[in-house]
Amino acid sequence: MTKESYVVALYTRMSKEDDDVGLYGNKEESNSITNQRMLLYDYINTHPEFRGCKVIEKSDDGYSGKRMDRPQFNELMDLARDGKVNCIIVKDFSRFCRDYIEMGNYLEQLFPFMGIRFIAVNDHYDSKDGGKETAGLAVAFKNFIYDFYSRDTSKKLRNVRMEMAREGKFASANAPYGYLKSPEDKHKLIVDEEVAPIIRKIYQLKLSGLSARKITQMLNEAGILSPAQYAIEKKRGMDWRRKNSASGWDPTKVVAILKDERYTGNMVSMKRTLKGIYGKDTPVEKDDWVRVVNTHEAIVSYEDFLRTQDTFLIYKKGQPETIDRTNAFECAHCGRKMSYSRDRKKLICRYGEVNPQAVCHKAAYSNVGLRGAVMKALKWHFEQFIQWEELRKAQEEKEKAELDTSLLERSMESLEKKKTCLYEKYREGDLTRDEYISERDMLNFRIDEMKETIQGIEAKRMMKESGSTRVDLLSELIHEYKDSKNLTKELERIFVEQVLVYDAEHIKIKWKFDDVFVGFMGQE
């Protein structure tokens, strides 16, 4: 392989807890994306073997190492599985993964099987040089420490956050819109007089009988900066860099403000929790929220807040309870979920409806037309899968033979017996010491080759069995629904992850079984 065709992937990652680096000047930049990139480029520039190689970069900004569902990480693994990456370099093991069991699986199974060299610079690990030795206890122990650190830190943070919540202290990274963190005490909120009148106006409009959608439209037409736009202008908060100037007001944000009790001067905390260190961030039952009264200055009275909540209750009672209005359709221009019109004949972008400057202004498309297009694409995938499934049956016996390691295992047993016989000949004087060592090393070399081959086959079998489970599940579902004529809510829930709508004739569909279609059928 030429250097020009050798691909080196540099992977960097920064957690959410590191995301405020550089905004306030009071945090080290040791794990920042910039510093990681500098370290990795310094490494490849000081190692001549990488000169002339193609270098690509993958970076996940704001993602925890405890979870593996990171966008750029997934792209990197897709390239690795397709044989488009030869070497992966990271700052240390924790940047790649904080789960020591998962990390060990990559080092000892997947990367050797895929023929990928893995380097962790600060951990002095290179799978090419002594990888077999260091991939054992030392690496396992180091990754165990990383994982233990994550668990211990997570537990301590939860305890600290609960204690602060009970004391009525503000513990989030960013103050809610309408408030600032006190310069004297960052755990206390003070009123942001510049935008507090907007909060009061929103409550007044709601109490006057206006809907959140109408309030949103009025705010956008008046040119009032949305919370995201205001954050950009004032350079406040960790997430302002991910917003853009087109992020106007939307009804969801208006409703969130109207339902936030903190505007009454009461601190409400612990509304969400993480279910285990690798679990999802989930909402907490309202009765379990931590609520402390009179912790900071109010922007609206508690009485007005309660009256506002009553308007939501009245609105909720007037809604049909039997209609499921959830769907997989999203506006491709603003990224918001699309909603059904009252007669369910149209799918509408509510954000564009209240924002005259938005690209998706007045975007409304035929529900029947869009769902029909999705159903047509789904039926095509059904047909392709069934055709592929017929071909797969003919290949199963061949693949089964290729994954059979029994012959190799018997050959290894035979070579081990030869080693025993060889030693007996040496003891009896039939072989010189040099002859014995030479023949023994040759047998050991052949045994090691067989072991590596068996490991590769076992890794391939594991990947196939994991994939086959999803293929079998998909097969059952496709045969159950292959004769369906329309895209029912059940079909949408089972098969459709997302439908990005550009206009009435252009959509992009993401299936829930995309990995199965691509990985086993070669379909894009």
Side-chain angles (χ1 to χ4, degrees), residues 15-28 62 64 153-203 225-243 247 249 252-275 281-306 308-309:
S15 301
K16 289 182 179 179
E17 54 266 27
D18 296 321
D19 199 31
D20 56 348
V21 170
L23 287 179
Y24 306 107
N26 60 356
K27 188 166 185 179
E28 293 183 6
S64 171
T153 301
S154 178
K155 183 179 179 181
K156 288 179 179 177
L157 284 174
R158 276 197 290 265
N159 291 339
V160 169
R161 283 175 58 84
M162 178 57 76
E163 186 62 30
M164 293 178 69
R166 288 169 178 165
E167 293 176 4
K169 294 181 177 180
F170 182 75
S172 298
N174 309 308
Y177 178 72
Y179 284 103
L180 301 170
K181 288 185 179 181
S182 170
E184 290 77 25
D185 183 357
K186 65 180 181 180
H187 299 302
K188 185 176 179 61
L189 297 177
I190 59 175
V191 174
D192 183 352
E193 298 295 348
E194 191 172 345
V195 294
I198 300 172
I199 301 290
R200 298 187 186 101
K201 187 66 176 177
I202 289 173
Y203 274 83
L225 296 179
S226 70
Q229 293 168 327
Y230 185 68
I232 293 173
E233 184 178 85
K234 299 297 182 180
K235 300 293 189 292
R236 290 175 184 161
M238 292 189 297
D239 294 326
W240 67 268
R241 291 171 293 177
R242 293 192 176 91
K243 305 296 183 184
S247 300
W249 286 92
T252 303
K253 185 58 187 173
V254 170
V255 170
I257 289 173
L258 292 169
K259 291 190 174 184
D260 194 337
E261 189 181 340
R262 290 177 298 181
Y263 292 117
T264 69
N266 299 335
M267 186 61 69
V268 182
S269 309
M270 308 304 290
K271 297 168 71 173
R272 303 187 69 84
T273 188
L274 191 67
K275 294 291 186 182
D281 184 38
T282 55
V284 174
E285 292 293 332
K286 191 171 183 178
D287 291 342
D288 294 327
W289 294 356
V290 178
R291 182 173 176 271
V292 182
V293 300
N294 299 325
T295 59
H296 52 276
E297 183 182 350
I299 294 178
V300 298
S301 69
Y302 187 65
E303 291 73 19
D304 282 348
F305 175 78
L306 290 180
T308 303
Q309 307 319 299

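Below 30°, between 30° and 60°, or above 60°: for Tyr177 and Trp249 the angle between ring planes is above 60°, a perpendicular geometry.
Counting only heavy atoms from C-beta outward, the side chains of Pro227 and Lys253 approach each other to under 4.5 Å. With contacts defined as side-chain heavy-atom distances shorter than 4.5 Å, the pair Tyr203/Ile299 does not qualify. Counting heavy atoms from C-beta outward, Phe170 and His296 have side chains that stay 4.5 Å or more apart. Between Ile190 and Pro183 there is a side-chain heavy-atom pair separated by less than 4.5 Å.
Rounding to the nearest 0.5 Å gives a distance of 8.0 Å between NZ of Lys234 and CG of Asp192. Within the model, atoms NZ of Lys169 and CG of Asp185 stand 7.0 Å from one another, a figure rounded to the nearest 0.5 Å. Taken to the nearest 0.5 Å, the OG1 atom of Thr264 stands 7.0 Å off from the OH atom of Tyr302. From Met267, atom CE reaches atom CE of Met164 across 9.5 Å, with rounding to the nearest 0.5 Å. Rounding to the nearest 0.5 angstrom, the gap separating the OG1 atom in Thr308 from the CD atom in Glu303 is 11.0 Å. Distance check, rounded to the nearest 0.5 Å: CG of Leu189 to CG of Leu180 gives 9.0 Å.
The number of heavy atoms from other shown groups lying within 6.0 Å of NZ (Lys271) is above 12.
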Handout entry: side chain to side chain contact (heavy atoms under 4.5 Å, CB included) between Arg166 and Met162, intermediate numbers included
Key = CA-CA 6 Å; Arg166 288 169 178 165; Met162 178 57 76; 3.5 Å; yes
Practice task
Starting from the C-alpha separation in whole Å, work towards a yes-or-no answer on side chain to side chain contact (heavy atoms under 4.5 Å, CB included) for His187 and Glu167.
Solution key: CA-CA 10 Å; His187 299 302; Glu167 293 176 4; over 6 Å; no
Exercise for the section: Verify side chain to side chain contact (heavy atoms under 4.5 Å, CB included) between Arg291 and Asn266, making sure each step is shown before the conclusion. Expected result: CA-CA 7 Å; Arg291 182 173 176 271; Asn266 299 335; 3.4 Å; yes
Exercise for the section: Carefully, step by step, assess Tyr179 and Val191 under the rule side chain to side chain contact (heavy atoms under 4.5 Å, CB included). Expected result: CA-CA 5 Å; Tyr179 284 103; Val191 174; 3.8 Å; yes
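Under the 3.5 Å distance criterion, the side-chain polar atoms of Gln309 are matched with a main-chain donor or acceptor of Leu258.
Remark: Lys181 pairs with no residue by the salt bridge (charged side-chain N to carboxylate O under 4.0 Å, His left out) rule, at least two apart or across chains.
Nearest approach of Met270 to Trp289, heavy atoms of both residues: O-CD1, 3.9 Å. In plain terms, the two heavy atoms of Thr295 and Lys188 that are nearest each other are O-NZ, 2.9 Å.
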